[in-house]
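Notes follow once the structure below has been shown.
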Amino acid sequence: MNDHPKNAEEARADRDVTREELTETLDALGRKLDVKSRVNDNLDTKVDEASAVISDKVSEPAAEKFRQGTEVVRANPLPIFAGVLALLVTIRLIMRKRSSS
């Protein structure tokens, strides 16, 4: 069976379909490789889940304060992450020092 186009019109149509498929594949690959967007999307999902749980467990003013805090995290995730990481490292060092004493 011959898969080659029979005329120029079929060749152009085949080229256009191939180009469209390649564009879709490259777009999908670009989305997968966009780590920053994927992390932000995941962070947004987790923050929304935490907000829902907190809202059910605490008073409305406390829940509102938590929501305000989540907006700060969404606006500046890197400095917040760095601060939390530094805090965890400090706690780990203190715990290690106490256990060796």
Side-chain angles (χ1 to χ4, degrees):
M1 179 170 209
N2 189 356
D3 287 337
H4 298 291
K6 294 182 178 78
N7 59 41
E9 188 62 37
E10 282 184 20
R12 280 190 284 277
D14 188 46
R15 177 200 63 200
D16 292 343
V17 168
T18 302
R19 185 177 290 159
E20 182 70 28
E21 289 172 350
L22 182 58
T23 299
E24 289 173 7
T25 301
L26 289 174
D27 287 344
L29 183 59
R31 284 189 300 275
K32 282 190 176 256
L33 293 175
D34 189 359
V35 175
K36 184 177 180 182
S37 291
R38 290 176 63 200
V39 167
N40 285 339
D41 291 345
N42 191 23
L43 176 65
D44 286 343
T45 300
K46 296 297 182 191
V47 166
D48 289 341
E49 290 171 1
S51 292
V53 170
I54 294 295
S55 294
D56 290 343
K57 303 289 181 189
V58 299
S59 67
E60 184 54 37
E64 182 58 33
K65 289 287 185 188
F66 182 81
R67 282 191 288 275
Q68 290 171 354
T70 61
E71 293 307 316
V72 170
V73 170
R74 285 181 183 173
N76 303 301
L78 189 58
I80 301 296
F81 176 75
V84 169
L85 183 61
L87 179 63
L88 291 173
V89 168
T90 303
I91 290 170
R92 176 78 173 146
L93 290 173
I94 290 170
M95 297 297 286
R96 182 179 283 173
K97 192 171 191 175
R98 284 188 178 174
S99 65
S100 66
S101 297

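Taken from CD in Glu21 to CG in Leu26, the straight-line distance is 12.0 Å, to the nearest 0.5 Å. Separating the CG atom in Leu85 from the OG1 atom in Thr90 is a distance of 9.0 Å, to the nearest 0.5 Å. To the nearest 0.5 angstrom, Arg31 atom CZ is 11.0 Å from Leu33 atom CG.
Test Val84, Ile91, Val89 against Leu87 for side chain to side chain contact (heavy atoms under 4.5 Å, CB included) and you get one pass: Ile91.
In this structure, the side chains of Gln68 and Glu71 stay at 4.5 Å or more apart for every pair of heavy atoms. Contact of the Glu24 side chain with the Asp27 side chain is not registered, since no non-hydrogen atoms from C-beta on lie closer than 4.5 Å.
Residues Asn7 and Glu10 share a closest heavy-atom pair of OD1-N, 2.8 Å.
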